[in-house]
Amino acid sequence: MPTRRIFFSQLALDARIGILEHELRATQPLHIDAEFDVDITQEVHDQNIQTVLDYRLLRHAIVDECTQAHVNLLETLSERVVQRILDEFPQVQLVKIRISKPLAFSDCAAVGIELQRSR
């Protein structure tokens, strides 16, 4: 079946994540890159958003999952985001997500986790 890829590049948000003492007290920035391979189930009609997967809904799910509660590990957060996408969007066949902490270390641009899962 043919697919279309939706992607986000460096979606920036503040989240409560981490196990270190300073991470437990305050939010910190996260950058999220994500790709979604979506089944092309119908012809695209330019005047009808219902003929495609509205990427605003994907963005909302990512932001909500990353900001709703404190999470200790990036691994846990990435698993939760991927599972939510697969649960809420049956037309998504493959999810690839990269969540990074840009301020974790002063000697690199970011550190993070990448996870890919398909149906």
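Side chains are part of it too, since the values below use all heavy atoms of this structure and drop only hydrogens, waters and symmetry mates.
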Please test Cys66 against Val81 for side-chain contact (heavy atoms from CB on, under 4.5 Å), starting from the C-alpha separation and ending with a verdict. CA-CA 7 Å; Cys66 289; Val81 171; 3.8 Å; yes

Heavy-atom closest pair, residues [X] and [Y]:
{"X": "Ile113", "Y": "Ser78", "result": "CG2-OG, 3.7 Å"}
{"X": "Leu74", "Y": "Gly112", "result": "CD1-CA, 3.9 Å"}
{"X": "Leu24", "Y": "Gly18", "result": "CD2-O, 3.5 Å"}
{"X": "Val44", "Y": "Thr51", "result": "CA-OG1, 3.7 Å"}
{"X": "Phe8", "Y": "Tyr55", "result": "CZ-O, 3.4 Å"}

Rounded to the nearest 0.5 Å, what separates atom [atom1] in [X] from atom [atom2] in [Y]?
{"X": "Ile32", "Y": "Arg59", "atom1": "CD1", "atom2": "CZ", "value": "10.0 Å"}
{"X": "Glu114", "Y": "Glu35", "atom1": "CD", "atom2": "CD", "value": "8.0 Å"}
{"X": "Leu53", "Y": "Ile40", "atom1": "CG", "atom2": "CD1", "value": "12.0 Å"}
{"X": "Leu30", "Y": "Leu11", "atom1": "CG", "atom2": "CG", "value": "9.5 Å"}
{"X": "Leu86", "Y": "Phe36", "atom1": "CG", "atom2": "CZ", "value": "9.5 Å"}
{"X": "Asp37", "Y": "Ile6", "atom1": "CG", "atom2": "CD1", "value": "9.5 Å"}

Report whether Leu57 and Val82 are members of the same hydrophobic cluster (ILVMFWY, side-chain heavy atoms less than 4.5 Å apart, transitive linking). yes

Under 4.5 Å between side-chain heavy atoms, counting indirect links through other Ile/Leu/Val/Met/Phe/Trp/Tyr residues: same cluster for Leu13 and Ile17 or not? yes

Do other residues, nucleotides or ligands put more than 12 heavy atoms under 6.0 Å from [X] [atom1]?
{"X": "Ile19", "atom1": "CD1", "value": "no"}
{"X": "Arg119", "atom1": "CZ", "value": "yes"}
{"X": "Arg117", "atom1": "CZ", "value": "yes"}

Ignoring hydrogens and geometry beyond distance, is a side-chain donor-acceptor pair present between Gln93 and Asp39 at under 3.5 Å? yes

Evaluate the side-chain proximity of [Y] to [X]: yes if any heavy-atom separation is below 4.5 Å, no if none is.
{"X": "Gln116", "Y": "Leu94", "result": "yes"}
{"X": "Val92", "Y": "Ile85", "result": "yes"}
{"X": "Phe89", "Y": "Leu58", "result": "yes"}

Tell me if a side-chain donor or acceptor on Thr27 pairs with a main-chain N or O of Asp14 at a distance below 3.5 Å. no

Looking at Asp64 and Arg84, is any side-chain nitrogen of the basic one under 4.0 Å from a carboxylate oxygen of the acidic one? yes

Taking Glu65 first and then Arg80, would you say they form a salt bridge - that is, a charged N and a carboxylate O separated by under 4.0 Å? no

Side-chain donor/acceptor pairs under 3.5 Å, residues 99-106, sequence neighbours excluded:
from   : atom 1 : to    : atom 2 : distance (Å)
Ser100 : OG     : His31 : O      : 3.4
Lys101 : NZ     : Glu23 : OE2    : 2.8

Checking side-chain contact (heavy atoms from CB on, under 4.5 Å) for the pair Leu77/Val71: CA distance, chi angles, key distance, verdict? CA-CA 7 Å; Leu77 184 59; Val71 177; 4.1 Å; yes

